[in-house]
Amino acid sequence: MVSNPSLHKRVGVIGLGMHVPKKVLTNHDLAKIVDTNDEWIMTRTGIKERRIAEPGTTTSDLAYEAAREALHQAHLNPKDLDLLIIATTTPDMLFPSAACLVQRRLGAKSATCFDLSAACSGSIFAMITAQQYLMTGRYRNALVVGAEVISSFIDWTDRSTCVLFGDGAGACVMAPVERGGILATDMGCDGQAADMLYMPGGGSKHPPSHSSVDQRLHFLKMNGTELFKLAVRRMGESAKRVLEQAGISRQHVECFIPHQANTRIIEAVAKWADLPLEKVYMNLQRYGNTSAASNLIALYEVIQEGRIKRGDHIVMVAFGAGLTWGSILLQW
Ligand code: UT7
């Protein structure tokens, strides 16, 4: 469905949802499968436990549950949904898109659907993409979901990566609003660093074969130490840019929602950008790094916990494979 092509100045979030699998995998559980321990994981990452999807549970399953809740909160009938974007690096399959699979389950027959690939920055990229369609009046409403079953692509023999990630989904419904909404956005990419975090197998470069499986190419590979430094700089700069764009000082921001990759990264970003830590939201101790789902799950919890009141300013900032980074300044 296409609305009247009138320009809207403000686009905001009118409903939120989240869903994580029931199964909890603690650091102590991990210590039974790889050579690691709770103390190392806690001090190096801040993660205590993460949620892991049961075999057979897919990204679109998690996305569907989060989407339903967001639509319910927004009082929007799926039949009236115009646009559905799913940010994911772990779709059910290469095609069709996870968005089309979720559309089918929701019965959102009028929605235009596609997936967006920006790794951990996926939710931010997808929200900014939806914002553009809504500002031009091309669509009246949009559902953005960040969802991952990243556990399917983790090498459970590699202690340097398997302790970091978790599965989950966060969702938001977006629409033009009279007051508040998105005040500023920022996105950036650096393909020069594409091989710092990647999954080589399964695409056209290394189609599935006995050899690709033997070489463990279907698992995520990461240069954690280099990414760490880049994450701090890129997220710090991006957060500063949205504040400058909107002419808002950091003192007037009530909540910062960084991508939940590592407590030390988040603390370093806060220090670098001179943000008070008590305003920085963290839930990675409970979920680990849920990639594209991370920022939307955190936004959902911030609102559920009543940390934010109408008119407050929130900065969401993310960083991920690509490399990609981005920020949104949102007035609630
Ligand atoms: O989502 C966005 C993209 N991802 C990120 O932003 C992740 C960014 N990177 C990080 O968060 C951190 O670099 C890690 C948490 C991945 C690693 O922390 P680090 O402080 O950079 O550790 P390291 O990789 O330099 O490893 C230090 C030591 C090594 O041992 P040696 O060589 O010093 O003897 C590792 O082998 O820790 C060892 N190690 C572990 N030990 C126990 C690595 N993983 C583990 C583990 N348990 N799970």
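Every number for a ligand or one of its atoms is a count from 1 in the order of the listing. Numbering starts at 1 and runs along the sequence shown.
Between Thr290 and Glu148, the side chains place no donor N or O within less than 3.5 Å of an acceptor N or O (distance only, hydrogens not considered). Under 3.5 Å, the side chains of Tyr64 and Gln103 contain no donor-acceptor pair of N or O atoms. A donor atom on one side chain and an acceptor atom on the other are not found under 3.5 Å apart for Asp186 and Ser327. Asn262 and Thr45 share no side-chain donor-acceptor pair at under 3.5 Å. A donor-acceptor pair shorter than 3.5 Å can be found between the side chains of Ser294 and His259.
The N/O atoms of Thr45, backbone and side chain alike, include none that comes under 3.5 Å of an N/O atom in ligand 1. For a threshold of 3.5 Å applied to N or O pairs, the pair formed by Asn37 and ligand 1 contains no separation below that value. Among the atoms of Gly224, some N or O lies under 3.5 angstrom from an N or O of ligand 1.
Nearest residue to atom 38 (C) of ligand 1 from Lys229, Gln260, Arg159, His259 is Arg159 (criterion: closest heavy atom). Checking Met222, Arg264, Arg44 against atom 4 (N) of ligand 1, the nearest heavy atom belongs to Met222.
Close contacts of ligand 1 with Thr225, meaning ligand atoms under 4.0 Å from a residue heavy atom, involve 13 (O), 21 (O), 24 (O), 25 (O). Short contacts between ligand 1 and Val163, defined as distances under 4.0 Å to a heavy atom of the residue, involve ligand atoms 48 (N). Atoms of ligand 1 lying under 4.0 Å from any heavy atom of Phe319, numbered from 1 in the order shown and given with element: 2 (C).
Salt-bridge annotation for Lys48 and Asp38: present, with a side-chain N of the basic residue lying under 4.0 Å from a carboxylate O of the acidic one.
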